[in-house]
There are 2 protein chains.
Amino acid sequence: MQVALEAALQGPRGANPLVGAVILDPSGEILSTGHHRGAGTAHAEADALAQLRDRRPLPELSDCTMVVTLEPCNHHGRTGPCAAAIAQAGIGSVVYAAADPPAEAAGGAGYLRDAGVQVRSGLLPEQALDLNQRWFRAKAQGRPFTTLHIAQTVDGLIAAADGSSQWITGRAARLDSHGIRSRADAIVAGTGTVLADNPRLTARDAGGHDLGRQPLRVVLGRREVPAGAAVRGTDGRFLQLKTHDPAAVLGELAARGAGHVMIEGGATVAGAFLAADLVDELVLYLAPLMLGAGTRSVGDLGISTLADATRWRWDAAEPVRTLGADLRLTLEPLPRSRHNERP
Amino acid sequence: MQVALEAALQGPRGANPLVGAVILDPSGEILSTGHHRGAGTAHAEADALAQLRDRRPLPELSDCTMVVTLEPCNHHGRTGPCAAAIAQAGIGSVVYAAADPPAEAAGGAGYLRDAGVQVRSGLLPEQALDLNQRWFRAKAQGRPFTTLHIAQTVDGLIAAADGSSQWITGRAARLDSHGIRSRADAIVAGTGTVLADNPRLTARDAGGHDLGRQPLRVVLGRREVPAGAAVRGTDGRFLQLKTHDPAAVLGELAARGAGHVMIEGGATVAGAFLAADLVDELVLYLAPLMLGAGTRSVGDLGISTLADATRWRWDAAEPVRTLGADLRLTLEPLPRSRHNERP
């Protein structure tokens with residue numbers, strides 16, 4: 001299970017949880033390892049089964065065990081149900097860590113048992129739940145998983161005193177953030193950012209061309225978005241929501257089928273989502289620059305004393321990465337139960 | 001030389017340059033590697049010679065070559081001159097990358113030649129100079145090397161709106177910063193910080209006890225430091241300088257023999273040194289907290305537009321380190337010649 005948990009960390013956070021799977025032969029040797037690589041791609045169990053196909057000689061699969069960090073799903077989403085795939089492959093036994101809570105995906109264990117597969121659960125469940133604590137929370141709240149994007153100087157600024165902000169980070173960091181855009185179902189920015197920078201908010205490749213998968217472009221706020229604004233585009237994937245209430249925004253986007261929302265900025269929008277505890281993942285691009293004066297990356301959070309600071313942890317699934325001259329740091333909110341754990 | 005340069009990166013920055021040394025046998029095999037571990041400890045050459053002592057069998061040293069990133073010194077500082085030590089050990093030949101510029105240390109190559117050692121120079125000199133670019137600059141300006149210490153939230157704040165700041169970072173990060181204090185000759189803070197937090201500014205161990213080596217505690221500013229202020233201490237190692245001019249401060253501390261000054265803060269003092277381009281190393285402790293509102297880590301730098309931002313690079317000698325819940329990032333100013341190099 002430890003190997004499966006580590007495999008899970010390889011995937012990107014987003015609309016789906018991080019899941020890892022390992023297939024063991026009768027002697028306990030690892031035959032294959034799989035993980036989920038993001039919404040729309042094979043689930044961890046299917047990935048582990050696919051890795052198995054190239055392996056020769058293959059033992060009798062009815063003698064083999066699949067160890068997976070989450071109960072195999074039982075629903076037809078963008079990919080087929082894993083429970084059926086496991087049963088069809090002839091895997092003899094399945095051990096999973098934690099149950100899959102969403103109602104539409106549950107029932108995988110029951111399906112497997114009915115199909116004659118031996119099923120056990122509860123191996124390292126705390127680690128498996130901790131790995132996806134914010135994803136489970138988002139699901140329980142019936143809203144999309146959210147990623148807040150911030151590109152700032154080391155002194156925490158996203159624009160100089162005169163408003164200049166292009167570019168704080170270099171090409172590699174910007175390209176990386178376009179990768180998040182292309183995985184997200186919707187990208188959210190405030191009217192202030194749209195009016196100041198006239199961004200397109202599309203996901204683009206290194207050559208500046210639109211990637212195949214594009215998020216819905218959502219502008220928040222009451223101010224009018226000009227008819228010629230780049231964000232409107234021509235593909236119909238533009239939406240203005242005349243509110244700054246993050247819960248209302250996520251409710252509206254959930255109703256439109258969004259499982260993963262990227263919050264692009266600026267400081268007012270970022271502050272509103274942070275203050276409402278509706279940021280599940282913070283991707284922080286840190287440019288080796290100092291400005292001293294300018295626009296802060298985050299607006300007021302209603303916090304006046306240090307004891308009330310919002311608390312985070314560095315995401316184990318996303319190690320610190322150097323992108324050109326910049327660093328990428330990824331954080332997730334510390335689970336409430338651990339707020340007093342800081343050393 | 002590449003191995004010697006990598007060895008040099010192991011040392012801490014401070015009063016002395018980063019230097020690495022390698023001793024090769026006649027066939028070019030590495031016999032030992034040494035590096036400088038900070039002011040008052042053995043130089044890289046002596047370190048490499050010391051490592052050699054335990055090695056058996058030892059080839060004839062007159063057939064061996066020492067490769068060192070900086071011209072061996074020829075002065076009696078806190079340790080003896082390296083040139084004499086190399087000659088006495090009987091090393092047959094020395095290759096160094098770059099000349100040692102300080103007048104009092106120069107002449108090592110000449111000494112070695114007079115002692116019958118074969119001497120060559122100029123192997124990878126640019127890398128060796130680049131490694132210590134800010135140290136050479138400080139020496140050329142006749143001032144101490146400076147380390148700015150900042151402990152901030154990820155949104156760049158060092159105190160909440162109500163002034164609370166103890167503690168932004170955890171124990172491990174604070175202990176690490178006490179290690180810098182104990183290596184520095186002087187530690188500088190503004191009257192604002194002293195009046196707000198009443199810090200001792202001593203270097204302490206994990207148990208809170210004063211370490212053996214203590215920096216001079218220097219308070220900058222015109223406001224009176226109260227008679228009972230902790231920073232005054234009882235050891236006589238306290239000094240108030242009624243100025244905020246960083247060049248004047250460093251001149252005064254150089255006159256008192258300081259080779260390494262740590263700038264503790266707060267934002268006004270940090271801003272003054274940064275604006276004067278008198279910070280050689282920035283050690284940034286980043287706590288996984290967000291406050292939204294509070295005191296910024298850096299005061300005004302007189303910069304109004306992004307193109308004028310101060311530019312840095314992540315210090316190759318100090319990789320990102322996790323300290324408890326916090327991260328430690330180390331930056332150094334980008335050499336002026338490279339300001340347009342950002343990707």
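Values below: all heavy atoms of this structure, side chains included; hydrogens, waters and symmetry mates excluded. Per chain, numbering begins at 1; letters A, B, ... match sequence-line order.
Considering only heavy-atom pairs separated by less than 4.5 Å from chain B, the leading option among A:Asp155, A:Val298, A:Leu284 is A:Asp155. Between chain B and the options A:Ser304, A:Gly156, A:Ala161, the largest number of non-hydrogen pairs under 4.5 Å is found for A:Ser304. With chain A as partner, the option from B:Leu274, B:Leu306, B:Asp308, B:Thr153 having the largest number of non-hydrogen pairs under 4.5 angstrom is B:Leu306. No other option in A:Asp300, A:Val154, A:Ile150 has as many heavy-atom pairs under 4.5 Å with chain B as A:Val154.
Judged by distance alone, the side chain of B:Asp162 and the main-chain N or O of B:Ser164 form a donor-acceptor pair under 3.5 Å. For the pair A:Asp280 (side chain) and A:Thr146 (backbone), a donor-acceptor distance under 3.5 Å is present. Of the possible donor and acceptor atoms, none in the side chain of B:Glu332 sits under 3.5 Å from a partner among the backbone N and O of B:Asn132. A donor-acceptor distance shorter than 3.5 angstrom exists from the side chain of A:Asp326 to the backbone of A:Gly170, with no hydrogens or angles considered.
Between A:Arg13 and A:Glu318 there is no salt bridge, since none of the side-chain N atoms of the basic residue sits less than 4.0 Å from a carboxylate O of the acidic one. With respect to the salt-bridge test (charged N to carboxylate O, under 4.0 angstrom), the residues B:Arg181 and B:Asp210 do not qualify. Under a 4.0 Å N-O distance rule, the pair A:Arg134/A:Asp315 does not qualify as a salt bridge.
Interface residue A:Leu286: backbone and side-chain heavy atoms are both found under 4.5 Å from chain B. Within the 4.5 angstrom heavy-atom criterion, atoms from both the backbone and the side chain of A:Thr305 approach chain B. Contact of A:Leu331 with chain B is made through the side chain alone, with heavy-atom distances under 4.5 Å. Within the 4.5 angstrom heavy-atom criterion, atoms from both the backbone and the side chain of A:Leu327 approach chain B. For A:Ser165, the part sitting under 4.5 Å from any heavy atom of chain B is the backbone (N, CA, C, O) and nothing else.
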